[in-house]
Each structure stands twice: as structure tokens, then as C-alpha cells.
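Structure record follows, encoded as C-alpha cells.
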Amino acid sequence: MRKYLLATIPMVIGVLCLFIKGIIGDEVLANGVIVEKNFFLIPLSYLFFFSGILALIFFSTVKKQNIAK
């Protein structure tokens, strides 16, 4: 179970980054230019989410290999 906790923490952080980005929102200036505050949260959330998925896949395959031996 501890292995899966290590895999779900980055996924939760990724979802929180997107949630925070949604709460902060964007601003449209008078001349029509969009100012995106904290745009870095979008790629950061993708990084955390996919690293959590990769960790989940890795831990599930390691578990299966240990059972087979």
C-alpha cells in the first residue's frame, strides 16, 4: 500500500495545480490581450500527473515480478 501512496501523491499535486490555476483565473486587458497569471502551473501539473502515472505503472510491475519469483 505504501508504494501506491508514493504514486498517488504526485497525481494529487498535479490536480491541485490545475485547481489553483482555475481559481486564480486570467485577466483580459482593455486592448484584448490575455494576461495569464501563473501559467507555469499548467505544465507543472502535467509533469506531476504523468510522473505519478509512470510511478504507478512501475510499482505495479515490480510487485508482479516479486510475486512471480
Side-chain angles (χ1 to χ4, degrees):
M1 276 302 189
R2 181 177 237 161
K3 295 177 188 178
Y4 295 119
L5 181 66
L6 291 175
T8 57
I9 288 174
M11 291 193 309
V12 170
I13 292 173
V15 171
L16 283 175
C17 286
L18 284 178
F19 184 71
I20 291 170
K21 172 68 176 135
I23 288 176
I24 293 172
D26 302 329
E27 180 181 346
V28 180
L29 299 179
N31 60 358
V33 176
I34 297 175
V35 178
E36 294 191 21
K37 302 173 187 173
N38 300 320
F39 177 75
F40 66 93
L41 288 174
I42 295 172
L44 193 63
S45 67
Y46 289 151
L47 178 71
F48 277 121
F49 192 73
F50 289 125
S51 67
I53 289 174
L54 289 176
L56 187 67
I57 291 170
F58 175 74
F59 288 137
S60 66
T61 57
V62 168
K63 183 179 179 183
K64 288 180 183 177
Q65 289 176 356
N66 287 339
I67 292 174
K69 289 181 181 181

Given Leu54 and Phe58, is the side-chain contact (heavy atoms from CB on, under 4.5 Å) satisfied, shown in steps? CA-CA 6 Å; Leu54 289 176; Phe58 175 74; over 6 Å; no
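- Here the closest heavy-atom approach between residue Ser45 and residue Cys17 is recorded as CB-CB, 3.6 Å.
- Hydrophobic clustering of Ile, Leu, Val, Met, Phe, Trp and Tyr side chains at less than 4.5 Å, counting indirect connections, keeps Phe48 apart from Phe39.
- Between the side chain of Lys21 and the backbone N or O of Lys37 there is at least one donor-acceptor pair closer than 3.5 Å.
- Atom CZ of Phe50 is separated from atom CD1 of Ile57 by 10.5 Å, given to the nearest 0.5 angstrom.
- Taken to the nearest 0.5 Å, the CD1 atom of Ile9 stands 15.0 Å off from the OH atom of Tyr4.
- Using a 4.5 Å cut-off between side-chain heavy atoms of Ile, Leu, Val, Met, Phe, Trp and Tyr, with links allowed through other members, Leu44 and Val12 fall into different hydrophobic clusters.
- Counting heavy atoms of neighbouring residues, nucleotides and ligands inside a 6.0 Å radius, atom CD1 of Ile34 does not exceed 12 of them.
- Hydrophobic clustering, with ILVMFWY side chains joined whenever heavy atoms are under 4.5 angstrom apart, keeps Met11 apart from Leu6.
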Where do Asn38 and Phe40 land on the side-chain contact (heavy atoms from CB on, under 4.5 Å) test, with the steps shown first? CA-CA 5 Å; Asn38 300 320; Phe40 66 93; 3.4 Å; yes
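- Atom CG in Leu41 sits 12.0 Å away from atom CG in Leu47 (nearest 0.5 Å).
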